Amino acid sequence: MRDRKAGEVSSIELITLGISLVLLIGMIAQWLSWRWGIPAIVGMTLMGLFIGPGINLIHPEQLFGDLLEPIISLAVAIILFEGSLSLDRREIFHFKGPVRRMYTLVPLISWLLTAVIANVIVGLSWVTAFVIGGLFIVTGPTVITPLLKNANLKERPDRMLRWEGIIVDPMGALAALFALQIGLAASGVIDSAALGVYILGAFTALVLGIGAGLGTSYAFRRSIIPVDMQAPMMFALVIFIFAVSDLIMEESGLLAVTAMGITLANRGLNVPILNNIRHFKENISTLFISAVFVLLTSSLTRTELMELWDIRIIGFVLLMMLVVRPLSVWIGLANTKVSLGEKAFIGWIAPRGVVALTVSGYFQTILVEAGFTDAERILPMTLALVFITVVIHGYTLTPLAKRLKLTK
């Protein structure tokens, strides 16, 4: 029996109630979006803003405290793993060249252009600008997957956007971390040997993820793990791999779980086994996407929302949408069989999501502590880019696809 006075509520009960509310509100947001015919990602964002800074119903940072960040990180890891399970290289056999460019050349061009604009337009130092450039190459599955589900796109644009979103998501965090290490080493804040540690950490995460995927595939194909235990075992293993990789090097866990998912998807597992895992993961992923967006948007304060309307930040976001993304895609996909309509469509669609939001605070803190005071703008710039792209691309993706005749 708990020793407390009548009417008192313990912190554990408050956290339990908070988790249940976030999950329920997230699913209600998805349902209302379906009922009202609006993009789910927009509905979840608006619901989070309403219950957070709107009516002050939930304050996640006060409610969960230090648990908030690991809760969101683990949810993102599950979402990313679920998405990577769908990346079967056989589905892009006829257009693997353009898809490969979408997660190699296009992000690289975007990184460089974003850094230049952040330095020239916003006035950030080159170190901060390149960190932001790496961070903003992401278009993760938390935002692109709900949009693609409703758009019914033709195969090539659908696969190109989906592969980009899932593979580039962990790459964005690592690119920002790479820029951070280079910048701090060049400024004399840290020893140049830290760069070697970073490379070793990234390689370790990749090996850990691939190794876990190969081992799990072997265990499933040999029926070492029974069918009814495969999905829950996978769920536990993904969380463990993510935690271990992040322990070795911060922000590397997403790379590990993505590598694990892609390895599993391409190891020739029986269709019933893959379907069993995917069905379980899809349900969990839908629940987590809703919860994560509600948590993140309800965490914002009214002051932070007001900071989004700084004229330089708005100008930066518009340049990202109207110049950086289209230019990156058109240059990156030059001399390919991708049609003009597909280039125009893909060059417009690039909503930023959870990964950019969750790790921006980490990079801002590190840079400010190292003496780069201009890094205090990272969070408001991230918030502005995420919310504006989510809303605008959420409403324009399907109509634009129909206009360009890219739907099935």
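Here the structure is a predicted model, which is why all the values come from computation and not from measurement. Residues: numbered from 1 along the sequence shown.
- Under 3.5 Å, the side chains of E61 and S299 contain no donor-acceptor pair of N or O atoms.
- Proximity of L305 to L49: side-chain heavy atoms (C-beta onward) are separated by under 4.5 Å at one or more points.
- Nearest heavy-atom pair, P60 versus S298, reported as atom, atom and distance to 0.1 Å: CG-OG, 3.2 Å.
- Listed for the N266 side chain is a donor-acceptor partner under 3.5 Å among the backbone atoms of L87.
- Counting heavy atoms from C-beta on, the side chains of P53 and T301 never come closer than 4.5 Å.
- At least one donor-acceptor pair under 3.5 Å links the side chain of D374 to the backbone N or O of S125.
- Relative ring orientation between Y198 and F178 is described as tilted, the plane-to-plane angle lying within the 30° to 60° band.
- Checked for salt-bridge contact, R162 and D158 meet the test: a charged N lies under 4.0 Å from a carboxylate O.
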Can S84 and T258 be said to form a side chain to side chain donor-acceptor pair (under 3.5 Å), step by step? CA-CA 6 Å; S84 64; T258 302; 5.3 Å; no
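- Partners of R101 by salt bridge (Lys or Arg N to Asp or Glu O under 4.0 Å), not counting sequence neighbours: none found.
- In this structure, the side chains of T139 and V168 stay at 4.5 Å or more apart for every pair of heavy atoms.
- For the salt bridge (Lys or Arg N to Asp or Glu O under 4.0 Å) test, residues two or more places apart in sequence or in another chain that qualify with E164 are R325.
- Side-chain contact between M160 and V338 is present, with heavy atoms from C-beta onward closer than 4.5 Å.
- Contact check for M234 versus F220: side-chain heavy atoms found under the 4.5 Å cut-off.
- Scanning for side-chain hydrogen bond (donor to acceptor under 3.5 Å, both in side chains) contacts around E342 gives R156, S339, with sequence neighbours left out.
- Checking T297 against T45 by side-chain atom types alone, no donor-acceptor pair falls below 3.5 Å.
- Taking the six-membered ring for Trp and thresholds of 30 and 60 degrees, F288 and F235 have ring planes inclined between 30 and 60 degrees apart.
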